[in-house]
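To find a chain, count down the sequence lines: A is the first, B the second, and so on, and within it residues start at 1.
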Amino acid sequence: MSVKRSTRLDFIREIINEDNRTGKHGGRVHTRFPPEPNGYLHIGHAKSICLNFGIAEEYGGLCNLRFDDTNPVKEEQEYIDAIKEDVHWLGFDWGDREYYASDYFEQLYQWAVQLVKKGKAYVCDLTPEQVREYRGTLTEPGRESPYRNRSVEENLELLEGMRAGRFPDGSRTLRAKIDMAHPNLNMRDPVMYRILHACHPRTGDRWCIYPTYDFAHGQCDSIERITHSICTLEFENHRPLYDWFLDQLGIFHPQQIEFARLNLTYTVLSKRKLLRLVEEGHVRGWDDPRMPTLRGMRRRGYTPQAIRNFCERIGVAKFNSTVDIDLLEHCLREDLNRRAPRVMAVLRPLRVVIDNYPEGGVEQMEAINNPEDPGAGTRKVPFSRVLYIERDDFREEPPKRFYRLAPGREVRLRYAYFVTCREVVKDEETGEVVELRCTYDPATRGGAAPDGRKVKATLHWVSAAHALEAEVRLYDHLFTEPYPEDVGEGGFTDCLNPRSLEVIPRCWVEPSLAPAQPLEIYQFERLGYFCVDPDSTCQKLVFNRTVTLKDRWAKIEKAGKANV
RNA sequence: UGGGGAAUGGUGUAAUGGCAGCACGACUGACUCUGGAUCAGUUAGUCUAGGUUCGAAUCCUAGUUCCCCAGCCA
């Protein structure tokens, strides 16, 4: 089976098509997503997940979820659970194929024994420091360990002793006997097993020796009959070693294909750096909406579909690139535009009194829930004499290209009436505008003028007496620099964006939002998409701004073109 | 002065000896009861130098730049 897509094939799918054409695996396609359970998944992992699960799906194959749990010192059950949850959230399913490298510990050990018997592995007593010294450098060959030529019998006995817990951590290792002068450092007698008296989240303390990733990964793929083992570029140097193990053992040989990991502007995507952000308190946790973790993005309001679309659009290649975060946000808006119900909310309220509107009068105005989806229907929004509009929507001295409200100017209140600003009320001491006195034209009910006259702007609003109070959290990029990793001196924390979070404690939202539930996403008209935060209570809704709408006026103003 | 990879508009990615295309961004304009959405248009690229060829992003030679590797991490 070969796959044609609307977009051109990437080099990985090309390889698979070719393998299928030549019958390399009998047309079988079997991939796997192999996370280490030592942290939370982020957008970079999403790229790999979409690739592996996506390819399996396209070729009618399978994709396993396999935890690379070979280092009990760093791994935890909590991460295993979180990873499963996140992969499911993205919309992928591994059926009953949930595997663990630790499932194969006994087999791996037997293979190690086999290599010892073949004279291809030995127990080495060098300390970690000595191993480093003996390894040589990039340009100079290493030296052979004095323990390299122990007899098979002695090696077997020592290996058993290691497994039986007779030696302290770090005192010995099992090493492959390859070539200490090899130009590829990974081939200079790499460690296969190390002694670690640690409790493993799955195997408890059944083991006190653990295989290294290098000795485990290729064989795990082999056991699962993975046809295409897709991984990131840094493992390219390891491929000869995996091949060596597979060949020595004479077992099924998956094909490893390496691609470039994702980088995104204005963010960092390494587990170590994300951990620092959390530990040093630069963010509120792994699910902080500013984090590029899947949990953070979920809380922020990202949809699985938006992320999957993004992963498809960025493509796959071997070039080390950095994707513009604008593309991610574009995919987000594209998806949210289709699905998010519209609603009116005023973030920075300015009080407006409609002088000629009856005192105590209330009307229910009909509003469209989603112009992109006629099936979403309509709702009623209460209108009354005292309203709030956005402070940004009024200028006492409007620049040329400012279309919104100004003294003497008429605008439309969405789904309601045309109103004209008659008077500006200011605080006598500060001079701050505190209220606008307006009049409305009763003939424009619903927002259209029977005489056909036009207004240049439509403003969103809420009725003061009916609005619900809400807290809104505005987010911006976590870093001020597009390449935070490249800033000098102290590194990426030097360019943390001090304005990455702005909390507006008292905003007003229309009453239809009363039953809103955590993680629901709305478009606040003219402002952006907002997601209900789990911090919400029945007293007070809390919203996260997922992403703004494209804002032409902001662009004009920022470019200094407001008056031209 | 080792080995393994990679270089196409600002960004990401196609073209596999035959018109350098698509998307994001930026910039125009049209439309609009969201300055949203939508639509139309403009902008801008083959790392360098030679060579092969009727024809080169693609093949060859030399160079340049960038990434990865000296964990008992993955």
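At a threshold of 4.0 angstrom between heavy atoms, the contacts of A:Tyr210 with the nucleic acid are absent. Contact annotation for A:Glu236: backbone-only contact, meaning every heavy-atom pair under 4.0 Å involves sugar-phosphate atoms and none involves a base. Counting any heavy atom pair closer than 4.0 Å across all strands shown, A:Val73 reaches no nucleic acid atom. Residue A:Thr137 is classed as a base contact, given a heavy-atom separation below 4.0 Å to a base. Counting any heavy atom pair closer than 4.0 Å across all strands shown, A:Glu525 reaches a base atom. At the heavy-atom level, A:Arg333 lies nowhere under 4.0 Å from the strands shown. Nucleic acid contact for A:Gln523: base, since at least one base atom lies under 4.0 Å from a heavy atom of the residue. Note on A:Ile314: only backbone sugar-phosphate atoms sit closer than 4.0 angstrom, heavy atoms only; bases stay farther off. Within the 4.0 angstrom heavy-atom criterion, no nucleotide atom of any strand lies near A:Thr265. As judged by a 4.0 angstrom heavy-atom cut-off over every strand, A:Lys454 is placed among residues making no nucleic acid contact. In this structure, A:Arg412 reaches the bases: a heavy-atom distance under 4.0 Å links it to at least one base atom across the strands shown. Looking at heavy-atom distances under 4.0 Å, A:Tyr193 makes no contact with the nucleic acid at all. In this structure, A:Ile325 reaches neither bases nor backbone, as no heavy-atom distance under 4.0 Å exists between it and the strands shown. Using a 4.0 Å heavy-atom cutoff across all strands shown, A:Asn237 reaches at least one base atom of the nucleic acid.
The separation of B:rU61 from B:rU42, taken at their C1' atoms, amounts to 41 Å, rounded to a whole angstrom. A gap of 13 Å separates the P atoms of B:rG36 and B:rG25, to the nearest Å. Of the C1' atoms belonging to B:rG35 and B:rU28, the separation is 16 Å, rounded to the nearest Å. Straight-line distance between the P atoms of B:rC72 and B:rA7: roughly 31 Å, to the nearest whole Å. Rounded to the nearest Å, the gap between the P atom of B:rU58 and that of B:rG17 is 12 Å. Between the P atoms of B:rG63 and B:rA23, the separation comes to 40 Å (whole Å). Separating the P atom of B:rU8 from that of B:rA57 is a span of 15 Å, rounded to the nearest Å. As rounded to the nearest Å, B:rA20 and B:rC31 have P atoms that lie 36 Å from one another.
Here B:rC73 is the nucleotide among B:rG25, B:rC73, B:rU13 with the atom lying nearest to any side-chain atom of A:Lys74. When each of B:rC72, B:rG36, B:rU11 is scored by its nearest atom to the side-chain atoms of A:Leu549, the top-ranked nucleotide is B:rG36. Comparing atom distances between the A:Thr139 side chain and each of B:rU1, B:rA37, B:rA26 picks out B:rU1 as nearest. Comparing B:rG35, B:rG36, B:rG12 by their closest approach to the side chain of A:Glu372 singles out B:rG36. In this structure, the nucleotide among B:rU8, B:rG3, B:rG35 sitting nearest to the side chain of A:Arg552 is B:rG35. With distances taken from any side-chain atom of A:Arg135 to the nucleotides B:rU13, B:rC73, B:rG71, the minimum falls on B:rG71. Of the candidates B:rG2, B:rA23, B:rU34, the closest approach to any side-chain atom of A:Thr458 belongs to B:rU34. Nearest to the side-chain atoms of A:Leu138 among the listed nucleotides B:rA74, B:rA70, B:rA37 stands B:rA70.
When atom types are taken as modelled, the side chain of A:Lys177 and the backbone of A:Arg148 share a donor-acceptor pair closer than 3.5 angstrom. The backbone N or O of A:Ala376 lies less than 3.5 Å from a partner atom in the side chain of A:Asn369, making a donor-acceptor pair. Here the side chain of A:Arg32 pairs a donor or acceptor atom with the backbone of A:Ile230 at under 3.5 angstrom.
Distance, A:Phe11 CZ to B:rU58 P: 20 Å, rounded to whole Å. To the nearest angstrom, C1' of B:rG12 lies 16 Å from CD of A:Glu329. Taking atom NZ of residue A:Lys550 and atom P of nucleotide B:rC39, one finds them 10 Å apart after rounding to whole Å. For the pair A:Glu390 CD and B:rG35 C1', the interatomic distance rounds to 14 Å; values are reported in whole Å. Between the CZ atom of A:Arg239 and the P atom of B:rG3 there is a distance of 17 Å, rounded to whole Å. Atom CG of A:Asp393 is separated from atom C1' of B:rU34 by 11 Å (rounded to the nearest Å). Between the P atom of B:rA37 and the CG atom of A:Asp373 lies a distance of 18 Å, rounded to the nearest Å. Rounded to whole Å, atom C1' of B:rG25 lies 10 Å from atom CG of A:Leu327.
The base of B:rU34 sits with one of its N or O atoms less than 3.5 Å from a complementary donor or acceptor on the side chain of A:Arg342.
In this structure, A:Tyr403 forms an aromatic stack with the base of B:rG35, since both conditions hold: centre separation below 5.5 Å and plane angle below 30°.
The line from CG of A:Asp189 to NE2 of A:His182 is 11.5 Å long, rounded to the nearest 0.5 Å. Expressed to the nearest 0.5 Å, how far NE2 of A:His197 lies from CH2 of A:Trp207 amounts to 13.5 Å.
With a glycosidic angle no further than 90° from 0, B:rG71 counts as syn.
Using the six-membered ring where Trp is involved, A:Tyr266 and A:His477 have ring planes that are parallel, under 30° apart on the 30 and 60° scheme. Ring geometry, A:Phe235 versus A:His238: the interplanar angle exceeds 60°, so the pair is classed perpendicular (tilted spans 30 to 60°).
The partner of B:rA62 is B:rU48, judged by Watson-Crick or G-U wobble contacts that both fall below 3.5 Å. The base-pairing partner of B:rC54, taking Watson-Crick or G-U wobble contacts with both distances under 3.5 Å, is B:rG18. Pair check for B:rA37 finds none; no Watson-Crick or G-U wobble contact set falls under 3.5 Å. Pair assignment for B:rG10: B:rC24, on the basis of Watson-Crick or G-U wobble contacts that are both within less than 3.5 Å.
Within the 6.0 Å centre-distance limit, the rings of A:Tyr193 and A:Phe215 are counted as a close aromatic pair.
By the 6.0 Å contact criterion, CZ on A:Arg379 is enclosed, its count of non-hydrogen atoms from other residues, nucleotides or ligands being greater than 12. Residue A:Arg338 qualifies as enclosed at atom CZ: its count of foreign heavy atoms under 6.0 Å is above 12.
Each of A:Phe402 and A:Asp326 was matched to the nucleotide of RNA chain B holding its nearest heavy atom; the match closer to the 5' end belongs to A:Asp326. Comparing A:Lys318 and A:Arg132 along RNA chain B, the residue whose closest nucleotide (by nearest heavy atom) sits nearer the 5' end is A:Lys318.
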